Amino acid sequence: MSAQPANEIRITLPDGSVRTTTRGATGADIAAAIGPGLAKAALAVKIDGEMKDLDLPIEKDAKLEIITRKSDEALDLIRHDTAHLLAQAVQALYPGTQVTIGPNIEDGFFYDFARNEPFTPDDLPKIEAKMKELVRADLPTKRTVWERDKAVKHFLELGETYKAEIIRDLPADEEVRVYYHGDWHDLCRGPHLASTGKIGTAFKLTKISGAYWRGDAKNAQLQRIYGTAWRDEKELAAYLQRLEEAEKRDHRKIGREMHLFHIQDEAVGQVFWHPKGYTLFRTLENYIRRKIKRADYVEVKTPLLLDRTLWERSGHWAKYRENMFIAEVEHEKKTLAVKPMNCPGHVQIFNQGLKSYRELPIRMAEFGACHRYEPSGALHGIMRVRGFTMDDAHIFMRPDQMIDEAIAASRLIFETYKELGFDNVQVKLATRPENRIGSDEIWDQSEAHLAEACKRMNCPYTLSPGDGAFYGPKLEFTLFDAIGRGWQCGTVQIDFNLPERFEAEYVAEDGSRQRPAMLHRAVLGSMERFIGVLIEHYAGKFPLWLAPVQAVVATIVNDADGYAKEAAAALKLAGLRVETDLRNEKINYKVREHSLAKAPYLLVVGRKEAEARTLSVRKLGTDKQETVALDALAKQLLAEATPPDMV
RNA sequence: GCUGCUGUAGCGUAGGGGUAGCGCAACGCCUUGGUAAGGCGUAGGUCGUGAGUUCGAUUCUCACCAGCAGCACCA
């Protein structure tokens with residue numbers, strides 16, 4: 001390699017080409033050297049993979065990429081700058097407001113403020129207007145590096161106690177950077193766009209909420225303003241449209257419209273399942289029932305109310321009482337608690353009679369109605385409730401069977417999700433929390449077992465440190481719905497607490513008494529929540545086997561009533577869920593109504609059909625019609641309505 | 001639980017110190033119409049609950065309950 005003059009550096013561009021430039025040149029200089037168009041479009045640079053300001057002098061050879069509005073990274077830059085813009089606007093409009101942090105989040109950003117007066121929704125348009133004003137002013141950005149103590153002192157003098165705290169907590173080797181946007185300044189790691197004008201105006205403030213300082217409920221509550229920001233107005237409009245789409249899928253709305261369930265004040269957080277909703281519930285339940293039967297589970301039912309002493313023994317009274325519904329029984333001076341979990345009940349069944357190692361594993365399943373006192377703010381439709389049904393099971397086994405059982409349970413979960421229409425599933429391994437029981441040795445072993453199970457299944461997973469249950473580590477299964485939202489549903493947990501506390505035993509091969517290992521697993525998790533997910537995933541347009549009403553026979557004229565009833569009866573006899581609509585309404589009206597009600601098949605009969613013993617079939621989502629003979633139709637629909645596990 | 005907002009007929013909404021309208025749904029009559037809203041009419045509300053202010057409260061104030069959006073929580 002030839003010697004390089006001391007004042008020159010070599011810049012490698014993404015296409016592999018190398019440019020030689022003066023030491024201390026900036027990203028902006030290099031962009032300008034490449035072309036005026038690029039210079040204008042440049043937002044920031046990536047130097048050796050790290051995002052930097054356009055005006056940062058480059059002192060040594062580097063790989064460099066010019067970031068423009070088109071780059072993937074552009075959104076992050078725009079959003080971060082918009083967050084600053086928000087803070088600047090807020091401080092201009094509401095003097096005395098302290099700034100804290102303002103990170104990017106999915107689709108946008110937020111900024112947390114400390115202010116005595118609350119923000120109201122009316123403030124958002126005012127703040128937005130101010131932000132746009134600042135964009136028009138095109139204030140230049142200036143990066144400055146401060147000496148730490150001076151920075152702390154400076155922000156304290158401004159009354160910015162949170163900022164001062166952040167600076168104090170910065171790692172000792174980190175530069176304290178303060179960015180100016182015009183006169184306004186903020187502590188920030190950067191990078192930033194060259195001026196406020198570069199941000200554009202494709203942003204919108206979306207909501208206000210309370211948020212705890214550093215995410216801890218023990219700390220002061222700040223006021224958070226959320227916003228979204230995009231490259232251009234078109235992207236912003238598309239995003240807002242996406243939000244609208246999600247709103248249309250809301251299970252609370254669809255649940256009401258499709259007469260699936262309701263919730264009322266006298267039973268907060270509990271679901272009244274209507275006939276149609278409960279049809280869905282039972283269909284799903286029976287599907288799971290078939291699957292676990294095949295997987296050699298046994299099904300049980302255990303009491304809802306159990307005496308306090310049992311919960312004391314299980315450890316729930318000490319660790320979980322806050323979340324339990326307690327019933328004082330006056331007549332007997334007893335305290336009972338409604339079960340928040342099924343596990344203690346299942347151990348009671350296991351403990352009836354002496355078990356041999358030959359009987360293990362025992363896979364004990366229950367569709368168990370559990371009740372937990374969830375914080376009022378956590379309740380959400382049927383997704384987060386206080387009374388719910390778990391598709392629960394506990395597997396009692398020899399310790400050496402644990403990995404195989406964890407694999408079998410995980411496979412059941414994957415298979416079920418796939419059959420239900422969810423192809424993308426992610427797995428997390430949640431490891432030991434701070435507050436836990438059991439020796440480190442047991443935890444080491446249990447975590448290793450779950451990791452080994454994943455490895456043998458060839459299943460990638462991410463670690464979720466500290467998120468395990470107090471009694472053992474767990475695998476968490478998150479599925480992704482039609483619009484990309486993740487839902488944590490299934491779980492496989494190792495429990496070394498309960499067998500110990502209830503002194504569960506089996507007789508081993510050598511005649512000794514041994515403690516069984518226990519695996520706790522749920523596939524759907526909560527039936528209620530899972531049905532909520534299904535509603536939103538399918539937007540109420542369920543696959544035929546799940547649809548509460550599978551077909552509606554609608555008449556055109558009253559003369560066809562008799563045949564319509566006959567046809568509906570025949571389809572019902574074949575095993576389909578069918579309704580008739582004989583009302584004195586025009587067919588257009590009926591088509592519209594049943595389409596909106598999301599009936600998968602509309603079977604229209606008029607004089608012609610009655611005569612020929614056929615039905616005019618119209619499938620939901622199409623406007624095509626097909627005339628099919630009654631017998632053939634029954635077969636066709638029945639085939640389509642076959643549950644995925646019976647295909 | 002915390003912050004903010006909201007609560008009017010089954011659903012969606014208007015209004016506002018003088019006891020409430022509209023649309024859809026419901027019900028009745030007319031219409032029997034061939035694939036996304038036929039016509040006319042009727043009924044339905046102690047305006048979330050309780051207190052206070054007032055001659056008078058659904059409207060204003062307070063408390064409570066519930067819902068919504070976040071935050072925290074989700075063993």
Side-chain angles (χ1 to χ4, degrees), chain A residues 105 110 112 115 117-123 206-226 250 252-253 256-257 259 262-269 314-316 318-324 340-341 343 370 372-381 383-386 388 430 433 435-437 467-472 474 476 488 491 493 495 497 520 525-526 529 554-561 582-597 602-609 616-618 620-627:
Chain A
I105 51 172
F110 65 76
D112 285 348
R115 177 179 178 234
E117 289 284 298
F119 291 112
T120 73
D122 297 339
D123 292 325
T206 49
K207 51 200 169 194
I208 306 170
S209 92
Y212 300 106
W213 169 237
R214 301 208 150 150
D216 189 334
K218 290 195 279 287
N219 290 340
Q221 194 163 34
L222 307 170
Q223 294 188 67
R224 176 171 297 178
I225 298 178
Y226 285 89
D250 193 315
R252 293 164 298 187
K253 183 172 178 289
R256 198 186 308 117
E257 287 167 356
H259 310 291
H262 87 272
I263 295 173
Q264 66 187 46
D265 288 1
E266 289 83 352
V268 172
S314 72
H316 288 84
K319 294 257 183 197
Y320 204 64
R321 186 159 30 132
E322 295 284 285
N323 293 286
M324 288 164 69
M341 300 178 203
C343 18
C370 294
R372 300 177 185 180
Y373 187 84
E374 299 286 354
S376 58
L379 300 176
H380 179 82
M383 300 279 210
R384 187 82 184 269
V385 285
R386 288 180 177 160
F388 59 96
N435 182 16
R436 62 176 184 266
I437 55 163
D467 281 340
F470 71 86
Y471 50 73
K474 56 186 178 181
E476 293 181 332
Q488 201 248 293
T491 168
Q493 311 184 357
D495 186 342
N497 174 46
H520 167 122
S526 144
R529 177 175 144 94
T555 51
I556 298 171
V557 292
N558 287 146
D559 290 352
D561 286 2
L582 311 180
R583 290 176 304 170
N584 175 14
E585 294 291 352
K586 290 195 171 139
I587 195 61
N588 282 314
Y589 184 87
K590 294 185 183 180
V591 166
R592 177 181 156 80
E593 210 167 65
H594 297 299
S595 297
L596 289 174
L602 189 59
L603 311 175
V604 176
V605 298
R607 287 202 184 86
K608 275 189 287 180
E609 288 80 5
S616 170
V617 180
R618 179 184 170 128
L620 180 62
T622 74
D623 53 4
K624 278 184 238 142
Q625 300 141 44
E626 193 191 355
T627 303

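Quick note on labels: first sequence line is chain A, next is B, and so on, each numbered from 1. All of these numbers come straight from a predicted model, not from anything done at the bench.
Nearest-nucleotide positions on RNA chain B place Leu596(A) closer to the 5' end than the other of Gly472(A) and Leu596(A). Between Leu620(A) and Asn558(A), the one whose closest nucleotide on RNA chain B sits nearer the 5' end is Asn558(A).
Distance, Leu582(A) CG to U32(B) C1': 13 Å, rounded to whole Å. The separation between Asp623(A) atom CG and G34(B) atom C1' is 14 Å, rounded to whole Å. The separation between Ile587(A) atom CD1 and U32(B) atom C1' is 12 Å, rounded to whole Å. Taking atom CG of Leu602(A) as the reference point, atom P of G34(B) lies 15 Å away to the nearest angstrom. We find that CG of Leu603(A) is positioned 16 Å from P of U35(B), with the value rounded to whole Å. Asp559(A) places its CG atom 8 Å from the C1' atom of U32(B), with the value rounded to the nearest Å. Between Glu257(A) atom CD and C11(B) atom C1' the separation is 9 Å, expressed in whole Å. Summarising the geometry, the separation between CD on Gln223(A) and C1' on C5(B) is reported as 13 Å, rounded to the nearest angstrom.
The CG atom of Asp123(A) sits 6.0 Å away from atom CZ of Arg115(A), with the distance rounded to the nearest 0.5 Å. Note that NE2 of His262(A) and CZ of Arg256(A) are 11.5 Å apart. Values are rounded to the nearest 0.5 Å. Going from atom CG of Asp561(A) over to atom CD1 of Ile556(A) covers 11.5 Å, rounded to the nearest 0.5 Å. The CG atom of Leu602(A) lies 9.5 Å from the CG atom of Leu620(A); values are rounded to the nearest 0.5 Å.
Considering only residues two or more places apart in sequence or on other chains, Lys253(A) meets the side chain to side chain contact (heavy atoms under 4.5 Å, CB included) condition with Asp250(A), Glu257(A). Applying the side chain to side chain contact (heavy atoms under 4.5 Å, CB included) rule to Asp623(A) yields the partners Arg618(A); only residues at least two apart in sequence or on another chain are considered.
Gln264(A) CD: more than 12 foreign heavy atoms inside a 6.0 Å radius.
Taking the C1' atoms as reference points, G15(B) lies 42 Å from U32(B), given to the whole Å. Only the C1' atoms considered, U8(B) is 15 Å distant from G23(B), to the nearest whole Å. Remark: the separation of the P atoms in A66(B) and G48(B) is 16 Å, to the nearest Å. Atom name C1', nucleotides G33(B) and G16(B): the rounded distance is 45 Å, in whole Å. The separation of C30(B) from G67(B), taken at their C1' atoms, amounts to 43 Å, rounded to a whole angstrom. One C1' atom belongs to G21(B), the other to A14(B), and the distance between them is 7 Å to the nearest Å. For the C1' atom pair drawn from A37(B) and C74(B), the interatomic distance equals 45 Å after rounding to whole Å. Rounded to the nearest Å, the gap between the P atom of G28(B) and that of G17(B) is 40 Å.
Among the heavy atoms of the strands lying under 4.0 Å from Lys608(A) is at least one base atom, whether or not backbone atoms are also near. Nucleic acid contact class of Glu609(A) (heavy atoms, under 4.0 Å, all strands): base.
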Base, backbone or nothing for each nucleotide of nucleotides 63-74 of chain B, written B, S, -, heavy atoms under 4.0 angstrom, 5' to 3'? ---SSSSBBBBB

What does the B/S/- profile of nucleotides 23-30 of chain B look like, 5' to 3', with a 4.0 Å heavy-atom cutoff to protein? --SS---B

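Taking 4.0 Å as the cut-off between side-chain N and carboxylate O, Lys624(A) and Glu626(A) do not count as a salt-bridged pair.
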Distance-only check: which donor-acceptor pairs under 3.5 Å involve side-chain atoms of residues 590-597 of chain A, not counting sequence neighbours?
unit_1	atom_1	unit_2	atom_2	d
Lys590(A)	NZ	Thr555(A)	O	3.0
Lys590(A)	NZ	Thr555(A)	OG1	3.2
Lys590(A)	NZ	Asp581(A)	O	3.0
Lys590(A)	NZ	Arg583(A)	O	2.8
Glu593(A)	OE1	Arg583(A)	NH1	3.2
Glu593(A)	OE1	Arg583(A)	NH2	2.5
Glu593(A)	OE2	Tyr589(A)	OH	3.3
His594(A)	NE2	Asp581(A)	OD2	2.7
Ser595(A)	OG	Val591(A)	O	2.6

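Looking at Arg386(A), its side chain never comes within 3.5 Å of a backbone N or O of Leu379(A) through a donor-acceptor pair.
The shortest distance between side-chain heavy atoms of Arg252(A) and His380(A) falls below 4.5 Å. Annotation: side chain of Val604(A) is not in contact with side chain of Glu609(A) (no heavy-atom distance under 4.5 Å).
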Report the secondary structure of RNA chain B in dot-bracket form, marking unpaired bases with a dot and bases paired to a different strand with |, and treating Watson-Crick or G-U pairs with both distances under 3.5 Å as paired. (((((((..((((....[..)))).(((((.......))))).....(((((..]....))))))))))))....

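Dashed line: the shortest gap from a side-chain N or O of Asn588(A) to OP1 or OP2 of A36(B) is under 4.0 Å.
Relative ring orientation between Phe470(A) and His316(A) is described as perpendicular, the plane-to-plane angle rising above 60° on a 0-90° scale split at 30° and 60°.
Between G12(B), U35(B), U32(B), one nucleotide has an atom nearer to the side chain of Arg256(A) than all others, and that is G12(B). Nearest nucleotide to the side chain of Arg592(A), out of U35(B), G34(B), A36(B): A36(B).
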